Amino acid sequence: MSEQRATAVVIGAGHAGLAASHFLSGRSIDHLVLERGAVANSWRTERWDSLRLLTPNWQSRLPGLRYEGPDPDGYMTAGEVTGLIERFAVASRAPVRTGVTVTSVRGYRNGYRVTADGGAIDCRVVVIASGACNRPSVPGFADSVPGSVEQLTPFDYRDPAKLPDGGVLVVGASATGVQLAAEIQRSGRPVTLSVGEHVRLPRTYRGRDVLWWMDSSGVWDQRYDEVEDLTRARRLPSPQLVGTPERATLDLNALAALGVEMVGRWAAVRDGRALFSGGLRNMFSLADLKMNRLLGTFDEWALSSGRDAEVGPVERFEPTGVPASPRLQLDLRGGEIGAIVWATGFRPEYGWLDVPVVDAKGHLRHDGGVVDSPGLYALGLPVLRRRRSTFICGIEDDARAVTDHLAGYVSGRPVR
Ligand SMILES: Cc1cc2nc3c(=O)[nH]c(=O)nc-3n(C[C@H](O)[C@H](O)[C@H](O)COP(=O)(O)OP(=O)(O)OC[C@H]3O[C@@H](n4cnc5c(N)ncnc54)[C@H](O)[C@@H]3O)c2cc1C
């Protein structure tokens, strides 16, 4: 790729970048989509073997593409998601260049210069769709863990058989942590789960998938400028959900029933020992309280929208059981723990972005996807424009709105 020009460059060919391309094409804005791997790279290379979407098939909708298979209430495997995104790329004839890593984006003349292996592209606008989960977040004290314990992130973990012998300490009880804890425990290795702030949800509520409620009641439609504490909403951990054929709930009670041991939030490593915070009871009751509040919102919506008779009776679930005396420390040198799996979240990577729009915490400064530098846009970030933004089903509205703004900017007729 030598020196070139385009009106727009989209970085990343996941569903977000492809959705941007779909709407850019719809407005006849010439553009290129640059992708360091293949289309749907993260679903091909960064997911563990057993992963299924936690969102049901009917919810995996992309612009112009709806699920039409035989199992609308099922949950896709990572391979099936790759297939879906590939079909979307073909259907929208996205001008994707694969195997092209963007190494720099900087201001240039009236726009930006995007440098990628083999050359540079000068453009008016850039859409950053490089993903919100490029790197696992691992706390700094991981460096103090004794070398005898193997450390993995969800990017390295594939299946339990590849773990070393011994117990496994899974850190983090969001979607990734609870799913891996359950899988590893079922494989016969004893799991200790370190639990911090988490979002508890039942898989089904009053006979419907809980994400049907999120969708239908409008909770996921809440706009970013209506959210009370946006910074907090954008950092919220993913809900404790798993997509399985039996639609089972995977909360901490379910894990305890499997034999998983709960400990508090991992605070530090001292002399080869993991030190955990107390306060599990408070953390559990907070998650229970928030879940019940959300279920109450669903109930109110069902009544006020006249849908109450369509769904099952109101349900409330057992409070999360608190272990009698959770351990406050664990000797990592004693051989009890063979591996640690850090399920402590993910973060984006903007090392290539030479425009001063990244805050001290490594997040892009933007207003609903309009980045703090004229002509720079973002898609695919948590609560970008709505609560559903980070999910596949959230991209259509976001990409349309962001491309509308972009088109106005390019044509000199800005939209708000
Ligand atoms: C473990 C996990 C489970 C999830 N489960 C669900 C779920 O059940 N349902 C749901 O709706 N959502 C789910 N999500 C959220 C979301 O759908 C995914 O994160 C999805 O991959 C985001 O799509 P994206 O297009 O924004 O980013 P990505 O899919 O990450 O795409 C970004 C692309 O940019 C490329 N890229 C990055 N940097 C560069 C560069 N410098 N140069 C060129 N290319 C670059 C990457 O290779 C990648 O292909 C999950 C996320 C994770 C991490």
Side-chain angles (χ1 to χ4, degrees), residues 1 9-21 32-48 50-62 67 74-78 80-82 84-86 88-89 94 96-105 114-117 121 126-137 153-155 157 172 174-180 209 211 214-215 220 237-239 241-244 343 345-354 369 378-382 384 387-396 398-399:
M1 205 169 60
V9 169
V10 179
I11 303 173
H15 75 260
L18 295 168
S21 172
L32 287 171
V33 182
L34 306 183
E35 168 54 55
R36 63 182 172 188
V39 165
N41 188 48
S42 35
W43 293 100
R44 292 172 197 273
T45 62
E46 295 168 358
R47 309 283 189 256
W48 57 96
S50 65
L51 178 88
R52 283 179 180 271
L53 289 188
L54 51 80
T55 42
N57 290 336
W58 58 263
Q59 213 167 32
S60 293
R61 45 188 184 233
L62 287 166
Y67 179 83
Y75 309 90
M76 289 182 199
T77 62
E80 287 166 341
V81 182
T82 303
L84 173 82
I85 297 173
E86 276 178 329
F88 180 49
V96 183
R97 299 214 180 152
T98 53
V100 177
T101 303
V102 172
T103 51
S104 157
V105 172
V114 178
T115 308
D117 337 282
I121 305 174
V126 173
V127 181
I128 300 170
S130 51
C133 304
N134 303 121
R135 296 248 180 285
S137 298
T153 71
F155 280 17
Y157 175 87
S174 299
T176 302
V178 296
Q179 290 180 25
L180 298 187
D209 196 298
L211 297 186
M214 290 289 209
D215 208 71
W220 262 11
S238 56
L241 287 175
V242 63
T244 56
F346 303 93
R347 59 185 171 80
E349 167 63 52
Y350 299 120
W352 43 269
L353 186 54
D354 299 317
L379 281 172
L381 304 178
L384 184 103
R387 281 203 186 266
R388 71 168 82 235
S389 285
T390 199
F391 295 95
I392 292 170
C393 61
I395 202 61
E396 179 160 2
D398 282 14

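In listed order, ligands and their atoms are each counted from 1. These numbers were taken from a predicted model, which means no experiment stands behind them.
Any N or O atom pair closer than 3.5 Å counts here, and Ala13 shares no such pair with ligand 1. Considering backbone and side-chain N/O atoms, Asn134 never comes within less than 3.5 Å of an N/O atom of ligand 1. Taking only nitrogen or oxygen atoms, main chain and side chain alike, Ser42 reaches within less than 3.5 Å of ligand 1. Considering both main-chain and side-chain atoms, Leu54 comes within under 3.5 Å of ligand 1 through a nitrogen or oxygen pair. At least one N or O atom of Asn41 sits closer than 3.5 Å to an N or O atom of ligand 1.
Ligand 1 lies less than 4.0 angstrom from a heavy atom belonging to Val100.
Looking at every heavy atom in both residues, Thr55 comes nearest to Trp220 through CG2-CH2, 4.1 Å.
Neither the backbone nor the side chain of Leu379 comes within 4.0 Å of ligand 1, counting heavy atoms alone. Looking at Val39 against ligand 1, nothing comes within 4.0 Å, counting heavy atoms. Of the heavy atoms in Ala129, only backbone atoms (N, CA, C, O) come closer than 4.0 Å to ligand 1.
Of all protein heavy atoms, the one closest to atom 10 (C) of ligand 1 is Phe391 CD2, 3.4 Å. Summary of contacts: the protein heavy atom closest to atom 9 (N) of ligand 1 is Thr55 OG1, 2.7 Å. Among all protein heavy atoms, the one lying closest to atom 16 (C) of ligand 1 is Thr390 O, 3.3 Å. The protein atom (non-hydrogen) at minimum distance from atom 31 (O) of ligand 1 is Gly14 CA, 3.6 Å. The protein atom (non-hydrogen) at minimum distance from atom 36 (N) of ligand 1 is Arg36 NE, 3.6 Å. When only non-hydrogen protein atoms are considered, atom 33 (C) of ligand 1 lies nearest to Glu35 OE1, 3.4 Å. For atom 27 (O) of ligand 1, the closest non-hydrogen atom of the protein is Gly131 CA, 3.4 Å.
Those atoms of ligand 1 that come under 4.0 Å of a heavy atom in Leu53, given as number and element, are 6 (C), 7 (C), 8 (O), 9 (N). Heavy-atom proximity to Trp352, at under 4.0 Å, picks out these atoms of ligand 1: 41 (N). Atoms of ligand 1 found under 4.0 Å from any heavy atom of Ala16 (numbered from 1 in listed order, with element): 24 (P), 25 (O), 26 (O). Interface of Ser130 with ligand 1, defined as ligand atoms under 4.0 Å from a residue heavy atom, comprises 32 (C), 34 (O), 37 (C), 38 (N). Each of the atoms 43 (C), 44 (N) of ligand 1 lies under 4.0 Å from some heavy atom of Leu34. Residue contact check: Gly12 has heavy atoms under 4.0 Å from atoms 33 (C), 34 (O), 35 (C) of ligand 1.
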### side-chain contact (heavy atoms from CB on, under 4.5 Å) evaluation trace for Phe391 with Gln59
CA-CA 9 Å; Phe391 295 95; Gln59 213 167 32; over 6 Å; no
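Nearest residue to atom 41 (N) of ligand 1 from Thr103, Val102, Asp117, Leu353 is Val102 (criterion: closest heavy atom). Compare Trp43, Tyr350, Trp48 by their heavy atoms: the one nearest to atom 14 (N) of ligand 1 is in Trp43. Proximity annotation for atom 21 (O) of ligand 1: of Arg47, His15, Arg61, Arg47 comes nearest, heavy atoms only.
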